[in-house]
Amino acid sequence: MPRQFFVGGNFKMNPSTREQKKDIVKILNDADVDPNTEVVIAPPTLYVLSLADILRKDFKVAAQNAYIKNSGAFTGEISPAQLADAGVPYVILGHSERRTLFRETSELVAQKTRAAIDAGLSAILCIGETLEEREAGKCTQIIETQLQAVVRVTKEANWSKIVIAYEPVWAIGTGKVATTAQAQEAHGDIRKFLHRVVSPAVAESTRVIYGGSVSAGNCGELAKQPDVDGFLVGGASLKPEFVNIINSRR
Ligand code: G3P
């Protein structure tokens with residue numbers, strides 16, 4: 001079965017006002033989009049439910065993070081069970097901003113992934129190397145280490161609940177998108193790794209999407225790569241060009 005194209009909009013800590021949120025939703029709701037693409041919007045947690053209320057129903061929402069526990073004395077955290085209970089289907093985990101700024105290790109990200117799946121959520125699992133790691137020839141090694149932590153705690157059947165987002169850190173928010181060859185190579189490596197350590201079926205069916213300076217201008221060529229199954233979009237997801245990115249396979 002072909003992998004369904006997936007486009008996620010990661011709003012990060014934007015927009016700053018509820019009014020701006022409505023403007024973005026209007027653009028999305030009015031757009032003519034490819035019905036074959038799964039679209040998932042991840043606003044700040046504060047806006048997830050209100051955005052879901054006004055967003056077209058063929059789009060889904062996601063949280064940008066969740067904790068490893070379902071309840072308890074964890075001030076400031078949000079639990080996977082709470083998200084599931086609120087009808088939120090997806091959560092982004094392991095984004096490089098969380099790994100770097102909030103010191104999340106691959107082990108913590110793996111625990112979060114497991115907790116999310118156990119609660120009934122699907123995870124958009126972000127992985128990717130820094131420029132320094134790429135220049136040192138460690139790209140594959142870094143990606144495999146980040147994935148291995150998740151492999152250790154995930155049953156084969158649960159890989160259908162994971163979308164892997166390959167986001168090279170040097171491409172995030174920099175305007176320096178990976179070349180089609182770099183993206184295809186990394187995505188192919190991820191698939192080979194899944195084939196080797198999980199199963200050929202999981203390697204074949206798991207969606208591997210690309211993130212990092214995706215724009216209306218570069219999405220078309222990237223989307224043609226055989227192992228690029230969609231995008232996780234930051235900055236451009238707040239702009240009208242996000243519609244072009246959703247439609248990049250059209
Ligand atoms: O999660 C998406 C992201 O990190 C990419 O951000 O702004 O480079 O599209 P951006």
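Every number for a ligand or one of its atoms is a count from 1 in the order of the listing.
Ligand-side atoms of ligand 1 in range of Ser213: 8 (O), 9 (O), 10 (P), range being under 4.0 angstrom from any heavy atom. Near Ala171, meaning under 4.0 Å from one of its heavy atoms, ligand 1 places the atoms 8 (O). Close contacts of ligand 1 with His95, meaning ligand atoms under 4.0 Å from a residue heavy atom, involve 1 (O), 2 (C), 3 (C), 4 (O).
Not a single heavy atom of Ala165 lies less than 4.0 angstrom from ligand 1.
Put simply, the residue from Val61, Ile78, Asn65 that forms a side-chain contact (heavy atoms from CB on, under 4.5 Å) with Leu83 is Ile78.
Here the heavy atom of the protein found nearest to atom 9 (O) of ligand 1 is Gly234 N, 2.9 Å. For atom 2 (C) of ligand 1, the closest non-hydrogen atom of the protein is Glu167 OE2, 3.0 Å. Taking atom 7 (O) of ligand 1 as the reference point, the nearest protein heavy-atom neighbour is Gly235 N, 2.8 Å.
Ring geometry, Tyr210 versus Tyr166: the interplanar angle falls from 30° to 60°, so the pair is classed tilted.
Cluster membership check: Leu28 shares its hydrophobic cluster with Val33, using side-chain heavy-atom separations under 4.5 Å among Ile, Leu, Val, Met, Phe, Trp and Tyr.
When the options Glu97, Lys12, Gln64 are ranked by their closest heavy atom to atom 6 (O) of ligand 1, first place goes to Lys12.
Listed by chain and residue number, nothing satisfies the side-chain hydrogen bond (donor to acceptor under 3.5 Å, both in side chains) test with Lys176 (two or more places apart in sequence, or in another chain). Take Ser50 and apply the side-chain hydrogen bond (donor to acceptor under 3.5 Å, both in side chains) test, not counting sequence neighbours, and it matches Lys21.
The backbone N or O of Thr100 lies less than 3.5 Å from no partner atom in the side chain of Glu104, so there is not a single donor-acceptor pair.
For Lys239, the NZ atom is loosely surrounded, since the number of other residues' heavy atoms within 6.0 Å does not exceed 12.
Of the polar atoms of Gly173, at least one N or O is found under 3.5 Å from an N or O of ligand 1, judged by distance alone. Residue Gly212 has no N or O atom closer than 3.5 Å to an N or O atom of ligand 1. Between Thr174 and ligand 1, no pair of N/O atoms sits closer than 3.5 Å.
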What's the verdict on salt bridge (charged side-chain N to carboxylate O under 4.0 Å, His left out) for Arg250 and Asp32, showing C-alpha distance, side-chain angles and the deciding distance?
-> CA-CA 11 Å; Arg250 244 187 187 172; Asp32 171 28; 3.3 Å; yes
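At a heavy-atom cutoff of 4.0 Å, ligand 1 is contacted by no atom of Ser96, backbone or side chain. Of all the heavy atoms of Asn10, the ones lying under 4.0 Å from any atom of ligand 1 belong exclusively to the side chain.
No cation-pi contact links Arg196 to Phe193, judged by a cut-off of 6.0 Å to the six-membered ring centre and 45° from its axis.
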